[in-house]
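Notes for the one structure printed next.
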Amino acid sequence: TLPSYSKPEGDGTENNPCQIASLENLTWLMASDTAWDKHYIQTADIDASATNSWYGGEGFMPIGNSNTNFTGTYNGQRHKIDSLYINRGSGKNIALFGLVKGDSAQVENLAVTNVNITGNENVGAIVGNNHGNIYQCYATGNVKSNVTHWEIKLGGLAGVNSDTIKNSFSKVNVTTSGDMAGGIAGKNRGSGLIINCYGNGEISGGYYSDEIGGIVGYNYQGKIKYCYSTSHVSGYEDVGGMVGADYSGTNQYSFWDTETSGQNSSDGGTGLSTSKM
């Protein structure tokens with residue numbers, strides 16, 4: 001099935017943003033890479049369940065990729081996008097927004113619920129590869145990768161984070177056969193900051209999966225602050241209740257539940273019993 005689309009109202013400026021009011025409007029944005037530098041607001045909840053039949057079962061195409069980044073802003077205005085489906089197992093930067101990058105690039109006030117997303121590398125529910133700002137967002141559903149190589153980078157909200165994820169949470173079940181999976185982000189690197197966030201989905205690594213954590217799989221020189229995880233976490237090596245592995249990163253005022261996680265250690269954060277949490 002090929003999706004139908006319709007151009008949203010508005011001209012995409014800050015004062016007159018394009019209004020995403022339907023799945024057809026969202027599809028227009030998906031297909032309009034020349035408009036990925038504009039401003040958008042969502043004006044209604046959107047049922048995206050039809051995406052499971054698009055493009056021979058490959059589903060929705062991410063907004064923003066390595067050729068054309070999403071550099072604009074998207075304000076969900078507290079609305080939902082429900083039942084988004086993506087099955088692009090060989091694809092990189094797979095999520096609702098594939099690659100977000102830019103000084104003012106932002107996704108905010110958005111819920112992406114009941115997702116079913118499969119990708120290869122840099123896979124998340126909201127942003128696959130984040131070089132922008134994710135603010136006041138949450139996600140539920142399932143994100144997975146069946147690839148077994150190193151550095152998959154798979155997360156409940158973002159596959160890899162190099163900028164800011166703030167005031168957000170994930171109830172996404174994250175399942176990988178490879179490395180670097182976390183409840184919020186698979187990898188948090190460089191100038192990446194995850195602050196005021198929590199996760200409580202199921203974070204599951206395969207038999208040879210390393211760097212699996214309740215918040216972040218691999219914290220590479222990134223910052224984690226005021227976060228907590230109650231997720232159950234499993235994997236092969238470098239598995240942590242909050243952080244699987246940390247290299248020169250910082251963890252401040254962050255906690256994980258040692259009972260619900262099944263993990264009594266973490267490469268960062270403080271472990272507490274359920275009652276103390």
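Every value quoted in this text rests on a predicted model; they were computed, and no experiment measured them.
- Counting heavy-atom neighbours within 6.0 Å of Asn264 CG, excluding the residue itself, gives a total of 12 or less.
- Seen from the ring of Tyr220, Lys187 counts as a face-on cation partner, given the 6.0 Å and 45° thresholds.
- Evaluation of the side chain to side chain contact (heavy atoms under 4.5 Å, CB included) rule for Ser265 yields no partner, not counting sequence neighbours.
- Between the side chain of Trp54 and the backbone N or O of Ala50, at least one donor-acceptor pair lies under 3.5 Å.
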Sequence neighbours left out, cut at 3.5 Å: what donor-acceptor pairs do the side chains of residues 150-161 make with other protein atoms?
| from | atom 1 | to | atom 2 | distance (Å) |
| --- | --- | --- | --- | --- |
| Trp150 | NE1 | Asp179 | OD2 | 3.4 |
| Glu151 | OE1 | Lys153 | NZ | 3.2 |
| Lys153 | NZ | Glu121 | OE2 | 3.2 |
| Lys153 | NZ | Glu151 | O | 3.3 |
| Asn161 | OD1 | Asn130 | ND2 | 2.8 |
| Asn161 | OD1 | Asp163 | N | 3.3 |
| Asn161 | ND2 | Asp163 | O | 3.4 |
| Asn161 | ND2 | Asn188 | OD1 | 2.9 |

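- A perpendicular orientation is assigned to the rings of Tyr74 and Phe97, their planes being inclined by more than 60° (bins at 30° and 60°).
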With side chain to side chain donor-acceptor pair (under 3.5 Å) as the test, would you mind laying out the steps for Asn15 and Thr13 before giving the verdict?
CA-CA 5 Å; Asn15 293 328; Thr13 61; 5.7 Å; no

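- Of the possible polar contacts, none joining the Asn16 side chain to the Gly12 backbone as a donor-acceptor pair under 3.5 Å is found.
- Evaluation of the salt bridge (charged side-chain N to carboxylate O under 4.0 Å, His left out) test over residues 54-68, restricted to residues two or more places apart or in two chains, returns Glu58-Arg88.
- Using a distance-only test at 3.5 Å, with no hydrogens or angles considered, no donor-acceptor pair links the side chain of Ser266 to the main chain of Gly240.
- We find the CD1-NZ distance between Ile194 and Lys223 to be 12.0 Å, quoted to the nearest 0.5 Å.
- With a 4.5 Å cut-off on side-chain heavy atoms, Asn122 and Val127 do not count as touching.
- Within a 6.0 Å radius of NZ in Lys80, other residues, nucleotides and ligands contribute 12 heavy atoms or fewer.
- No side-chain donor-acceptor contact under 3.5 Å links Ser231 to the backbone of Val233.
- In this structure, Thr148 contributes its side chain and Gly178 its backbone to no donor-acceptor pair below 3.5 Å.
- In summary, the side chains of Glu202 and His232 do present a donor paired with an acceptor at a separation below 3.5 Å, with no hydrogens or angles considered.
- Counting only distance, with no hydrogens or angles, the side chain of Ser168 and the backbone of Cys137 share a donor-acceptor pair below 3.5 Å.
- Grouped with Tyr236 in one hydrophobic cluster are Tyr207, Tyr208, the linkage being side-chain heavy-atom contacts under 4.5 Å among Ile, Leu, Val, Met, Phe, Trp and Tyr residues.
- Residue pairs meeting the ring-ring contact (aromatic ring centres under 6.0 Å, His included) criterion with at least one partner in residues 119-147, sequence neighbours excluded, are Tyr138-Phe169.
- Side-chain contact between Ile20 and Ile46 is present, with at least one heavy-atom pair separated by less than 4.5 Å.
- There is no side-chain donor-acceptor pair under 3.5 Å between Asn142 and Thr175.
- Summarising the hydrophobic clusters (Ile, Leu, Val, Met, Phe, Trp, Tyr; side-chain heavy atoms under 4.5 Å, direct or chained), the residues clustered with Leu193 are Ile195, Tyr226, Tyr253.
- Dense packing is recorded around CD of Gln252, with more than 12 heavy atoms of other residues, nucleotides or ligands lying under 6.0 Å away.
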